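Data block below; observations after.
None of these values were measured; they are calculated from a predicted model. Heavy-atom basis, side chains included; hydrogens, waters and symmetry copies ignored.
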Amino acid sequence: MSAPSLTPSKTARARQAQPPPDGPPPPGGSFARSLKRNLTAHGFLIGAVLCFAFFAWYPMVREFLLAFQKTDQGEVSWVGLDNLRTVFNDPAFWQAWRNTLLFTVLALVLGFAVPFAVALVINELRHGKGYLRLLVYLPVMLPPVAAVLLFKYLYDPGYGLLNELLGSVGLPEQQWLQDPDLSMLSVVIASTWMNMGGAALIYLAALQGIPGELYEAAELDGAGLFRKIWHVTIPQTRLILSLLLLMQIIATMQVFVEPFLLTGGAGPEGSTTTVVYLIYQYAFNFNNYGAAAALGLLLLVLLAGFSAAYVKLNRAENE
């Protein structure tokens, strides 16, 4: 008796080759099927979008409207450009912008270069990198108020540690926060110490991603330390450097906590009055929310224009 054949018959092969009959599409269409498959993901996404809209988009729209409105005894009226005229005619307006730009420049000189130098030093060490990373990032983990109060103690003209150190080496004591010429620099030093930890770790991560062969090739060409930094390190970390530069400019233009707690906001002779502190004064000291919103809108437009120019230049350079 012969064994049964395992080859399918012609009829079975023909039946398998025929396409299945077209049936009615499932109700709801492709979007409904996709929504059903990803219902949880869409739920999380909708929640995130709603939170972002409520806490980010709505305040920006509300500020834009307030910039052209005036509230008097609960009654809101449109005043056009009157709030902008009030802001421009304030003598403190231009001083606040000058102080803010000065703070930004000083913060870039110190706060942009110091974290990069710290990252370079840590990257060259063979031992204790984890401990040094923790030590550098420790100021970021401190509450900002506690860190600022620590520097207020250091700057105290009577019993401050800095003046005691100056006196121990025979140098004259300084009025760090009371001198108009030193108050802004003192605020910048405190801000740099408080915020450099995050940037230093980002730089360190970028440095560790540079191939060692590039440094070896530079050494074979006779490059020294500074030439290796200029021709290898900086080009390889250019994207991170430019991104953090943009973020630092945006952050320093909105400085408020450090001058407010160290010098009371205005400082001696208004030397630490910043744009955000002037917004705070309009809103909470003068109860002029329209002028505060108008000044905030000017700051928003300036930073948005700077960001757009940065993106355009960066895109043109990459192309």
Side-chain angles (χ1 to χ4, degrees), residues 52-72 75-109 111-112 144 180 183-185 187-188 191 195 242-314:
F52 191 79
F54 183 77
F55 292 106
W57 295 337
Y58 172 74
M60 287 191 292
V61 174
R62 183 60 177 157
E63 179 188 11
F64 181 81
L65 296 177
L66 278 176
F68 304 98
Q69 293 177 343
K70 181 179 181 180
T71 304
D72 187 11
E75 296 183 0
V76 179
S77 58
W78 293 91
V79 294
L81 301 178
D82 288 350
N83 291 326
L84 292 173
R85 296 190 187 97
T86 301
V87 169
F88 280 118
N89 293 329
D90 189 353
F93 174 79
W94 300 108
Q95 185 182 23
W97 280 105
R98 286 195 300 269
N99 293 336
T100 302
L101 293 177
L102 176 61
F103 179 88
T104 300
V105 171
L106 293 176
L108 290 178
V109 172
F112 189 70
S183 56
M184 183 59 77
L185 179 60
V187 172
V188 171
S191 177
N195 302 302
S242 60
L243 179 60
L244 288 184
L245 176 64
L246 173 65
M247 294 177 63
Q248 185 163 357
I249 291 177
I250 294 175
T252 52
M253 290 290 290
Q254 303 178 68
V255 62
F256 174 76
V257 175
E258 292 88 344
F260 181 74
L261 294 178
L262 285 175
T263 64
E269 301 179 8
S271 58
T272 60
T273 299
T274 61
V275 174
V276 177
Y277 177 71
L278 191 57
I279 294 174
Y280 169 84
Q281 280 191 313
Y282 278 131
F284 300 104
N285 293 343
F286 308 147
N287 292 324
N288 191 344
Y289 296 101
L295 185 53
L297 183 61
L298 290 176
L299 182 61
L300 173 65
V301 171
L302 176 65
L303 294 179
F306 176 79
S307 301
Y310 164 82
V311 171
K312 185 175 181 180
L313 291 175
N314 195 33

**Asked** Can any side-chain N or O of Gln281 pair as donor or acceptor with the backbone N or O of Tyr277 at less than 3.5 Å?
**Response** no

**Request:** Please name all residues satisfying side-chain hydrogen bond (donor to acceptor under 3.5 Å, both in side chains) with Ser271, sequence neighbours left out, ordered by chain then number.
**Result:** Ser183

**Asked** Is it true that atom CZ of Phe93 has more than 12 heavy atoms of other residues, nucleotides or ligands lying nearer than 6.0 Å?
**Response** yes

**Pairwise side-chain contact, Glu258 with Val188, heavy-atom cut-off 4.5 Å (strictly under)** = no

**Qualifying ring-ring contact (aromatic ring centres under 6.0 Å, His included) pairs, either residue in residues 292-311, two or more places apart** = none

**Asked** Under the salt bridge (Lys or Arg N to Asp or Glu O under 4.0 Å) test, which residues partner Asp90, sequence neighbours left out?
**Response** none

**Under the salt bridge (Lys or Arg N to Asp or Glu O under 4.0 Å) test, residues paired with Arg62 that sit two or more places apart** = none

**Message:** Check this for me: Tyr58, atom OH, are more than 12 non-hydrogen atoms of other residues, nucleotides or ligands nearer than 6.0 Å?
**Reply:** no

**Asked** Does Leu302 reach the side chain of Leu298, with side-chain heavy atoms less than 4.5 Å apart?
**Response** no

**Prompt:** Once the angle between the rings of Phe256 and Phe260 is folded into 0 to 90°, is it parallel (under 30°), tilted (30 to 60°) or perpendicular (over 60°)?
**Reply:** parallel

Could you list the donor-acceptor pairs under 3.5 angstrom formed between side-chain atoms of residues 98-105 and any protein atom two or more places apart in sequence or on another chain?
from, atom 1, to, atom 2, distance (Å)
Asn99, ND2, Gln95, O, 3.2
Asn99, ND2, Gly270, O, 2.8
Asn99, ND2, Thr273, O, 3.0
Thr100, OG1, Ala96, O, 2.7
Thr100, OG1, Val275, N, 3.0
Thr104, OG1, Thr100, O, 2.9

**Asked** Between Thr272 (side chain) and Ala266 (backbone), is there a donor-acceptor pair under 3.5 Å?
**Response** yes

**Item:** Residue list, side-chain hydrogen bond (donor to acceptor under 3.5 Å, both in side chains) with Asn288, at least two apart or on another chain
**Value:** none

